[in-house]
Amino acid sequence: MAIVRTTKALAKRIDLHYFKRHHPLRSLKSGLSWGAAILAVLWVCGTTRRSSVVFMNGPVSTRHQLFGVSCEKCHEPWGALQTLTRGDEHPSVSDRSCSACHEGPPHHWQTPPEGARPGSKLSGDPACIHCHQEHRGHTALAALADRTCLECHRSLDKNTPSGYKLQNVRTEGKQVDSFLSGHPEFARIASRSGDTARVSLNHSVHLRKGLAGLPQGRAQLACEDCHQPDGARAYMRPVDYETHCAACHPINLNDDRFPAKMLPLPHDEPAVVSRFLQTSFAALVASNPEQITVEKKVRRKTEQIPILGDKELKADAFVQEQRKWLEAQRDAAEKAVLGPKSQTCQLCHVVTQPVEAAASEQKDEAASGEGKEAAAAEEHQKKAPGLAKVEPTAIPARWFVHSRFAHEPHRMLQCVACHTEVDASEKTSDVLLPGVETCRECHRPEPNHARADCVECHVFHDKLTSTHLNGRNTVSEVLKEYFGPASSGAK
Amino acid sequence: MIVDSTHTRWIILSVAILVVGLITYVPYHATTPGGPGGGTFQGLIYGFVGTAMMVFAGLLGARKRVRIWRLGRAQEWVRAHIWLGLISFPIILFHAGMSFGRGSLTSVLMWLFAIVILSGILGLVIQHVLPRMLLDRVPRETVYEQVPRVIDQLRQEADTLIESVSGVIDHPEQPAFAEASSSPGRRAHDLRTRATALAVPVEGSDELKRFYLIEVRPFFHPEGIPEGELMGAKTSSARFGRIRLLLPRDLHDTLRDLETLCEERRELALQQKLHHWLHGWLLVHIPIAYALLLLSVIHALMSLFY
Ligand code: HEM
Ligand code: HEM
């Protein structure tokens, strides 16, 4: 007979009091729950005994590692509650915490918005931590992502949230997304006036092979003969006449009366040159007094008679004649070097003749109303009346003032790789700096390219306005502050 | 818990919370310069809302344990638990700015959270699939806690069956269950044993007895899930087939009954296995959930303080 189980039979197999008995699955559940909770607490307690790093939301940036585990150095107690009750303008790390160590000079404005004090923070300017986000790993806090900058500067023609408008940038319809997309051409390159420096320079001639006056063994001038980097190897030092030009372009007054038939002149202001000329002629006359002659009628003929031989000349007349002679020599020499037809100074400089200076004074004043140049001319006339004026060369020391640049990291490149127009350039007005497209050849926000973040070239804080280098603390005070009393023992 | 139309209002509520979260999160994510995070105003709001939903999910356990908390129907709590618990994960992701945590505590939190959510989803899937499987494949299902006891009863039945044809069997092993010896079932068995002790062994029953003692009886051990030929339906049927060839026709009915008992034992083993899956996921879900809630509170307090 086969086994058949009815429901009743099945039910009868069960001990109806089974639920009163302890069952392993149920106790395992509560045992494991308690176990997990206790383990969690032990883990937190165990790790916090060593440091509070367990609570940290990611490691602090490299520079802050020094005090990275002392939360209270930056965070204010219950700071997040403030954010919650008063909004994001009150973060748990306030600007106060940052400025305990950092000067954080303001954003560089050329023209602050109306009513704002230059250098002061504007209402609506972001809090420090708005841009500098901590606990993002061992990075530099200043290495900001483009979107931080673009938050205010995406539309170049619009005001930033703090009411500031970018100055001297090309803004027409520009919407910047990255260096590659929307970044305007550098203003200096785009400007139609070109290089407005008032000095003549023909790069093409200077780079010609077999140029006269080259040092022995040299077939051609090289860029570095004239352009040398500054101490930081970032920018090029200004070209200096004595170092870079004098060897080939000495300034001489051609005059047979001087040794070697010429008088070497200083490279200086016309007034200095004028004084130098007068002194040089005085010295000449001291050693050759017969040089000074006066016109005299001798037997109805006019002759030049050395004044020394003129017995009739009275002493004061003698002196007067001497001065007249010196002035005449000087004026003639000045004309020879600074005069309109001279190619001595004017080989390179723009020289304004005395009459022109006066005329341009009036013209400029009438034209611009500013009278800036006119004032300079007036000043010049006061200092050196009747003298020609050598116009300031106005060669910019920095071309791209909104950015920073360093030649050093680019040293593997030929100069002409970026300054491509140099060989062919004949005019001063040619701007020989690379434009944005040249930079983009290497700097692209793409793999296998040089970085192209905003902060690669632009800085937010105008470090030039920060002067503070002399802090307030001793070494032991700093150690005590950062690492606690035990560490300040070391003197 | 089966997801059906009774879940609709919780699904609607949860999706509504998620949509509001998403609508507010997208512009917040796009316009926060260094990326969003838990410490901003909006990040903190997501943190609080997400934590509230998690704590509510955690209260399911407390609701079951603390009698005075038995507000609402248990099933309704589980429904709310599932949906609010599920949505709390994206809300906390919004809180963390879609980061999985960069610090030790925050990373641990997120991993524990992921385990809780995944085990919850796994549990739900199990609850959908296994009960039906149990119904189909274990028709003689019993109360899980009673499985060892029923197995012991099956063994006693098998003992009686074999003794009825081969005389008293001489087994070294005592009943595994001390409790069983005092049970009504045990007493019935003793009586039956005494009755069959007088039975004359059927010719050829030695082979059956040997087979029973060596292979079948250990199969009725009440603890654990046995292995071997008798565990598989096909291998077991093959084994019984081979034994059948060795036995006289008179013993074939007894062998068939023994096979049926083995089949029942197999069903109970399957019931045990399914039961372990059906409830075992909770051994991961619940402890990790409590650890998560505890660490979340620590994280919230420390984050608010600093
Ligand atoms: C009311 C409850 C909560 C509050 C007040 C809170 C607060 C905070 C705060 C202030 C931060 C930012 C910390 C910093 O940037 O240094 C943060 C980050 C974080 N929180 Fe919470 N939190 C809460 C709940 C939770 C919960 C329940 C979880 C997860 C289960 C969680 C996961 C995270 C994660 C992963 C981060 C890191 C985000 C990132 O990488 O930037 N939080 N929380
Ligand atoms: C914040 C997230 C969650 C927490 C803190 C949590 C916590 C818990 C706790 C403590 C229990 C045990 C209740 C008891 O003592 O029996 C439980 C049960 C359960 N959880 Fe969760 N849970 C969470 C999320 C989820 C999710 C997302 C799901 C499903 C998608 C889920 C599904 C379940 C189910 C089905 C049960 C069994 C309920 C029953 O039938 O008794 N849980 N959960």
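Just the heavy atoms: all of them, side chains too, but no hydrogens, waters or symmetry mates, feed the values below. Lettering of chains follows the sequences in order, A, B, ..., and the numbering in each one begins at 1. Everything numeric in this text was worked out from a predicted model, so none of it was measured.
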Which region of [X], side chain (C-beta onward) or backbone (N, CA, C, O), has a non-hydrogen atom less than 4.5 Å from a non-hydrogen atom of chain B, or is it both or neither?
X	answer
A:V54	both
A:W43	side chain
A:Q82	neither
A:P77	both
A:T83	both
A:C131	neither
A:A37	both
A:H132	neither

[X] portion near chain A, given a 4.5 angstrom heavy-atom threshold:
X	result
B:L294	side chain
B:L154	side chain
B:L304	both
B:S99	neither
B:H275	side chain
B:T40	both

Among B:F305, B:F41, B:Y290, which has the most heavy-atom pairs under 4.5 Å with chain A?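 Among B:F305, B:F41, B:Y290, the one with the most close pairs to chain A is B:F305.
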
For each of B:A30, B:S107, B:P287, B:G103, tally heavy-atom pairs with chain A at distances under 4.5 Å, and name the one with the top tally.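 Going by pairs under 4.5 Å, I would pick B:P287.
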
Please assess A:E446 against A:L180 for the test side-chain contact (heavy atoms from CB on, under 4.5 Å), listing each intermediate value before the final yes or no. CA-CA 10 Å; A:E446 290 166 7; A:L180 217 53; 3.5 Å; yes

Chain B: which of [options] shares the most heavy-atom pairs with it under 4.5 Å?
options	result
A:H130, A:H90, A:R136	A:R136
A:M56, A:Q133, A:E72, A:R86	A:Q133
A:P91, A:C71, A:S92, A:C74	A:C71

With a 4.0 Å cut-off, would you call B:E259 and B:R244 a salt bridge?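 The answer is yes: the pair qualifies as a salt bridge.
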
Does a side-chain N-to-carboxylate-O contact under 4.0 Å join B:R149 and B:D152?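 No, this pair does not count.
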
Check: A:D95 side chain, A:C128 main-chain N or O, donor-acceptor pair, under 3.5 Å: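 Present.
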
Taking A:H75 for its side chain and A:V93 for its backbone only, find out whether a donor-acceptor pair lies under 3.5 Å.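 Flag not set: sc A:H75 to bb A:V93 has no pair under 3.5 Å.
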
Starting at CD of B:Q153, measure out to CD of B:E264 and round the result to the nearest 0.5 Å.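 That separation rounds to 10.0 Å.
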
CH2 (B:W277) with more than 12 external heavy atoms under 6.0 Å: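 Open.
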
Does the side chain of [Y] come within less than 4.5 Å of [X]'s, by heavy atoms?
X	Y	result
A:F55	B:H299	no
A:L84	B:F48	yes
B:T51	B:I92	yes

Give a yes-or-no answer on whether the side chains of A:E456 and A:H443 include a donor-acceptor pair shorter than 3.5 Å.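 The criterion, which ignores hydrogens and geometry beyond distance, is not satisfied for A:H443 and A:E456.
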
Taking the six-membered ring for Trp, are B:W111 and B:F100 ring centroids under 6.0 Å apart?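 Centroid distance B:W111-B:F100: below 6.0 Å, so yes.
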
